[in-house]
Amino acid sequence: MSTHVSAVHKFGGTSLAGVPEFRRVGAILAGLETNPAVAVVSAPAGVTDALHALVQAAEQRDDWPVALASIMARCAGLATALLSGERQAECLAALERDRTDLHDVLKATALIGRAPPEVYALVAGHGELWSARLLAATLAEQGVEADWFDARDALTVVDSELGPTVSWEPTRARFDAAWTPPPAVRVVTGYIARDPHGAPTTLGRNGSDFTASIFAALVDAEEVVIWTDVDGVMSGDPRRIPDVAVIPELSWHEAMELAYFGAKVLHPRTMAPLVAREIPVWIRNTAHPDGLGTRIGEVGEDGGVKGVTTIEGMALLNLEGAGLIGVPGTASRLFESLRGAGISVVLISQGSSEHSICCAVPQADALRARAAVAQAFAAEMRAGQVEGVELVHDCSILAVVGEGMRGLPGVAAKLFGALGRTGVNVRAIAQGASERNISAVIPSDDADRALRAVHAAFYLSPQAVSIGVVGPGGVGAHLLDQLAGEIPRLAAESRLDLRVRAIAASRRMVLAPRAVALDSWREALAGGVETELDAFTRHVQAEHLPHAVIIDCSGHAAVAARYADWLARGIHIITPSKLAASGPLADWRRLQEVRRAAGVRYLGETTVGAGLPIIQTLRDLRQTGDEIIAIEGILSGTLAFLFNGYDGSRPFSAIVREANELGFTEPDPRDDLSGRDVARKLVILAREMGLEIGLEQVEVESLVPAELRDVSIEDFLSRLAEWDDRMLARLEAARARGRVLRHVARLDGATGRASVGLEEFPADHAFAHARLTDNIIQFVTRRYRDNPLVVQGPGAGPAVTAAGVFADLLRLSSYLGADV
Ligand code: ADP
Ligand code: ASP
Ligand code: MG
């Protein structure tokens, strides 16, 4: 007798949810190219849950007859819609017989008030019987030669610690006795089986996948196709991680680990019967039968991490004590005690000092687990050798899985780096000896964020960053316009998902659930709500996005006053504003402490020299071990413009007025001429070098005459002419010596002495050649002593400053793990 079958197809509950779904499955089976085939079916979606609830209702003497009637009505509805004539009548009659049986069992249950596992298995298994009967009849209705088979007539399973396990010998014998040569399609009930005494049992929730693989082994199928409601095994749970991708290929072991660690798409034991027989499995979508899906089988060892998943509802149990060090058998006693209590251990982690052992157990069993372990170690606890058994509730286990992780350095670093940067506290770690997975125990509240951050870190999905922009004026507006143009490219080329989700001006703000459409951000802002920075902050720091950054382009002290709070919450900050970084030293120190404690970034490259890479250069020099001897340069684009253009042919005051009209000065040009702005930049550079100085320590030569300090801007501009002669005399004196006047900032690396003022330079000096609003800065260092390192270029203007802020944002993204 031939038992050979070309393929075993399995259809999950969602694929058999209602009339159209049954028809679709019928069409897939009718269109198969190779016959005969086996179709293993689950109960229609939700029916298993409903049957479980039914037994519970009977145990509690709730209104189970109504619940039973509604389940039966749903099935009868399917039969009426899918079948006609004789077939329909037969099916309805069979359903009526089942209804009577179930009624009797439930009535008995209600009388006793308690149902043994066999009753649960018997009742809950009816969904699969109904599916099988209905599908076989539907196929016959469509003219396909089909029958159905009750898997309980073949499958014998025993309960083991690992879950239901097939007893192959009786199964094979019973299968051979019951199996007849199949028609084109034989429909087989998933999920249900018998125990060695012949009582009904199940393969556990999601067990139909397992049924399919057991039958594939029994009929020696060439392949197994698991049809479900997603396009294949995804790199993460699609309900929890946006932008997951189908994994084209997985090894049996990878699939096993993913399933074990919670990927619901497959029952974890499905693969076992297939590995030895080398039967490949396909996961495909009933709704897209043309899609390629995922192939699970023999694969090469490339590809690194394939997927990320979590097991929820765990607790961590920790046994700790100096008395455990070097004592043989501690671990086995611990696990023996848990085994005795019938508690399954999902993850084990032991420090090499053996000072503590911890393991993850289901949250529901946590208290029983603690009691069992405490009893097993009662003597040690009394003797003080064991400190106690500690429980951490509400944990999740996050696992990254991939065969290619083996021998691939840096996987753990990437995993824990990603968790750290998104602020998730890891409580325990375990790596399977196979190196096919690394798992981390984390607080359940953080699980979604952790999943997304880790998924993105391995480039399985784009790195998402939630962005809030404060102050969409000059620099802010340019930044938003620049982002509008670049975001699509960054998403495509670097898998970086920059989402400007909030924009706040002084009066109005806009908060967008996903992202503000940047090609029309002005309109969105105009239609926004009244600005409220607390709400803005909460919105930017969305729970579902792993990283948040606020870009402050406002230049307002009231906004800068929020930095400490933002950093403490784990929000990164990018700003071109000098207020905080050059503010009172004590405040700045505190900000740094908060920043360090929260493990976040504060980026202000544009506070000095706009878009020029000045702070970054300084950092690189210092971090590579160079020693800064001195920094000197022209740090104000405005003052550069004034003195580059001042040759005596026109009065100095006229050039100031022109610069003011061209928008090259602050609204009040005295802010530039006083040298205070440059002094702030010097303070920022000094602090970047580790020199803790304050603004009051910078010696500043102000170009604002004392008499004009407090007059109106207009008065200042007109009266400045009274000082033109004095400035001209200075210029001519320098000229007589073959020199030019430049406004320069200096910082001595050794002493921290800082000064800002007007100086003379020889005509061939680099500072004499700067153009227009150029900034120029020289780093004199141990390595660059005789020939200093010079950074020069436009150091002012909203467009270049915005570009510098953008560069900071990319620098942050790269630190967060994006490939930019
Ligand atoms: P079926 O009824 O076909 O057995 P299930 O609901 O049991 O379907 O499993 C499919 C579901 O598993 C998908 O709809 C998806 O929401 C979920 N799922 C969880 N993790 C993954 C993953 N890594 N890949 C694909 N699906 C997953
Ligand atoms: N119907 C069962 C369940 O819901 C088995 C399965 O669908 O695989 O768990
Ligand atoms: Mg399933």
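Atoms within each ligand, like the ligands themselves, are counted from 1 in listed order. Because only heavy atoms are used, hydrogens play no part in the values below, and waters and symmetry mates are left out as well, while side chains stay in.
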If you have a sec, work out which protein heavy atom is nearest [atom] and how many Å separate them, to one decimal?
atom	value
atom 16 (O) of ligand 1	R239 NE, 3.0 Å
atom 26 (N) of ligand 1	V265 CB, 3.5 Å
atom 4 (O) of ligand 2	R205 NH2, 2.8 Å
atom 6 (O) of ligand 1	K264 NZ, 2.9 Å
atom 7 (O) of ligand 2	S42 OG, 3.0 Å
atom 20 (N) of ligand 1	D237 CA, 3.5 Å
atom 2 (O) of ligand 1	G13 N, 3.1 Å

Looking only at the side chains, is there a donor atom on one of [X] and [Y] sitting less than 3.5 Å from an acceptor on the other?
X	Y	result
H393	Q363	yes
S444	S396	yes
R23	T138	no

Nitrogen or oxygen atoms of [X] and ligand 1 under 3.5 Å apart:
X	value
D229	yes
M234	yes
T228	yes
S235	no

Check whether any heavy atom of [X] sits under 4.0 Å from an atom of ligand 1.
X	answer
P238	yes
V233	yes
G307	no
K10	yes
G232	yes

* To do: Can you sort out which atoms of ligand 1 are near G236, meaning under 4.0 Å from one of its heavy atoms?
  =>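 Numbered from 1, ligand 1 contributes 22 (C), 23 (N).
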* Using a strict 4.0 Å cut-off to heavy atoms of N206, name the atoms of ligand 1 that fall inside it. =>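 Those qualifying, in numeric order: 4 (O), 7 (O).
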* **Heteroatom distance test (T48, ligand 2): nitrogen or oxygen, under 3.5 angstrom** =>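 So ligand 2 has an N or O lying under 3.5 Å from an N or O of T48.
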* Do N206 and ligand 2 have an N or O pair less than 3.5 Å apart? ->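 Yes.
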* To do: Taking all heavy atoms of L51 and all of V123, pick out the closest pair and write down the distance.
  =>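 Shortest heavy-atom contact: CD1-O, 3.3 Å.
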* Starting at CG of D290, measure out to CZ of R284 and round the result to the nearest 0.5 Å. =>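 Between D290 CG and R284 CZ, I get 8.0 Å after rounding to 0.5 Å.
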* **Side chain, backbone, both or neither: the part of H267 lying under 4.0 Å from ligand 2 by heavy atom** =>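 Looking at H267 and ligand 2, no heavy atom falls under 4.0 Å.
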* Asked: Is the distance between the Mg ion (ligand 3) and the nearest N/O/S atom of S42 smaller than 2.8 Å?
  ->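 So S42 does not count as coordinating the Mg ion (ligand 3).
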* Asked: So is R24 actually on top of W227's ring, under 6.0 Å and inside 45° of the axis?
  ->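 Pair R24/W227 does not count as cation-pi.
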* **R277 NZ/CZ over W168 ring centroid, <6.0 Å and within 45° of normal** =>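 Flagged: R277 positioned over aromatic ring of W168.
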* Asked: Would G12 count as a contact of ligand 2 if the rule is a heavy atom under 4.0 Å away?
  ->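 False for this residue.
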